[in-house]
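These notes concern the structure reproduced below.
All ligand and atom numbering here is 1-based and tracks the order in the structure. When reading the values below, keep in mind they use all heavy atoms of this one structure, side chains included, and skip hydrogens, waters and symmetry mates.
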Amino acid sequence: MNIHWDSKTYTDHFSFVAQYGSGVLDLLDLPEGSRVLDLGCGNGALTRELAKRGYAARGMDASAEMLEIARRDAPEIPFDQGDATAFALPEPVDGVFSNAVFHWIDAVRQPEMLACVHGALRSGGQFVFEMGGSGNNTLIHAALAEVFAKRGLTYRMPFYFPSIGEYATLLEKAGFRVEYAILFDRMTPLEGENGLADWMKMFLGVPFAGLEEETGEELRREAAELLRDDLCRDGRWYADYVRLRMKAVRL
Ligand code: BEZ
């Protein structure tokens with residue numbers, strides 16, 4: 001994972017991430033009581049939603065800080081610390097759900113992650129997820145590349161945003177049958193008058209590693225200014241999200 005989470009700021013100001021995940025939950029078509037793993041559950045907001053829908057939900061995340069919040073808010077749900085690319089469950093589950101997680105995992109590690117999901121599911125089990133897809137945040141990353149370049153710096157985009165074709169191929173190779181796939185734009189409103197710069201600060205740690213805090217602030221401000229015409233409307237900032245949403249069945 002290419003991030004260390006500030007779990008409090010994330011929970012207080014970026015809760016839209018979970019709000020959008022409920023449409024992905026609708027793809028699960030399992031009877032009440034089915035065992036469902038929320039992979040990369042973060043603060044557990046959507047694990048609680050799975051439980052509300054009648055599933056025997058459990059969550060897994062790499063971040064101890066996020067899990068602390070998840071356990072505090074739902075002590076009755078089991079939450080385990082684990083790496084999405086190297087985990088095994090004691091018992092197979094009927095469904096695996098994941099929202100806004102897989103783009104944090106480098107492309108070369110995706111097959112390992114899919115092998116773990118395959119191993120965690122019973123035969124016929126359902127795998128539903130949403131992640132950043134091909135073209136996600138193109139405007140934001142292009143603006144950052146431009147302001148980095150002006151200072152002679154190289155901007156490294158730290159995410160994996162696949163197309164439908166690319167990810168369907170990985171799923172098929174990993175032993176899944178793809179049942180549903182959609183790639184769609186979601187212009188996403190952000191909070192606050194510095195919404196876009198704050199979003200960059202929250203989610204884009206890796207490209208700024210090693211830079212002075214003040215340099216980072218300037219770069220984020222300059223990039224946001226370049227994007228004002230495209231991503232700020234009536235004083236409200238937006239992020240140019242593109243989502244890849246899929247459902248696959250374990251063969
Ligand atoms: C996303 O959910 O697509 C995303 C969030 C933060 C950084 C990059 C992508």
Side-chain angles (χ1 to χ4, degrees), residues 1-25 27 38-47 49 59 61-63 65-66 84-85 97-107 109-110 113 128-145 147-148 155-164 166-167 170 181-192 194-209 211 216 219-220 223-224 227 230-231 236-246:
M1 286 279 203
N2 292 316
I3 194 168
H4 170 77
W5 290 102
D6 173 347
S7 51
K8 184 162 178 350
T9 309
Y10 178 84
T11 300
D12 290 349
H13 300 290
F14 295 91
S15 55
F16 65 82
V17 176
Q19 282 157 26
Y20 288 114
S22 62
V24 192
L25 292 174
L27 292 176
D38 181 357
L39 184 57
C41 62
N43 62 19
L46 288 164
T47 329
E49 183 59 32
D61 204 276
S63 162
E65 270 184 49
M66 285 289 196
T85 65
F97 160 84
S98 185
N99 182 52
V101 173
F102 297 160
H103 49 257
W104 295 98
I105 297 172
D106 291 336
R109 314 221 39 208
Q110 296 283 332
M113 190 272 291
V128 304
F129 63 90
E130 185 174 298
M131 65 190 290
S134 173
N136 198 33
N137 306 138
T138 296
L139 294 173
I140 296 175
H141 294 301
L144 282 165
V147 298
F148 270 58
Y155 178 73
R156 185 179 87 78
M157 209 280 287
F159 302 104
Y160 172 58
F161 296 137
S163 66
I164 289 179
E166 195 177 336
Y167 215 74
L170 287 187
I182 184 169
L183 185 77
F184 60 100
D185 292 326
R186 180 192 287 146
M187 220 21 123
T188 302
L190 303 172
E191 269 186 27
N194 297 314
L196 186 55
D198 291 346
W199 180 93
M200 293 178 197
K201 188 167 178 151
M202 176 75 207
F203 293 115
L204 304 182
V206 169
F208 292 87
L211 296 178
L219 287 164
R220 284 187 285 269
L227 292 166
D230 289 316
L231 296 182
R236 174 135 220 174
W237 285 99
Y238 291 79
D240 56 333
Y241 279 6
V242 177
R243 313 318 289 165
L244 174 61
R245 189 180 278 191
M246 297 181 89

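The side-chain heavy atoms of I140 and L231, taken from C-beta on, include a pair separated by under 4.5 Å. Between M131 and Y160, the closest side-chain pair of non-hydrogen atoms falls below 4.5 Å.
Counting the atoms of ligand 1 from 1 in the order shown, those under 4.0 Å from a heavy atom of F159 are 7 (C), 8 (C). Atoms of ligand 1 lying under 4.0 Å from at least one heavy atom of Y241, given by number and element, are 5 (C). Using a 4.0 Å cut-off to heavy atoms of N136, the atoms of ligand 1 that qualify are 1 (C), 3 (O), 9 (C).
Backbone and side-chain nitrogen or oxygen atoms of R243 are examined, and one is located within less than 3.5 angstrom of a nitrogen or oxygen of ligand 1. Geometrically, ligand 1 and N137 share no nitrogen or oxygen pair separated by less than 3.5 Å.
To the nearest 0.5 Å, atom CE of residue M113 and atom CH2 of residue W104 are 14.5 Å apart.
In summary, the aromatic rings of F148 and F208 are positioned with their centroids under 6.0 Å apart. For F159 and F203, the gap between ring centers reaches or exceeds 6.0 Å.
Considering only non-hydrogen protein atoms, atom 6 (C) of ligand 1 sits nearest to F203 CG, 3.4 Å. Closest to atom 4 (C) of ligand 1 among all protein heavy atoms lies H103 NE2, 3.4 Å.
Between the side chain of T47 and the backbone N or O of D38 there is no donor-acceptor pair closer than 3.5 Å.
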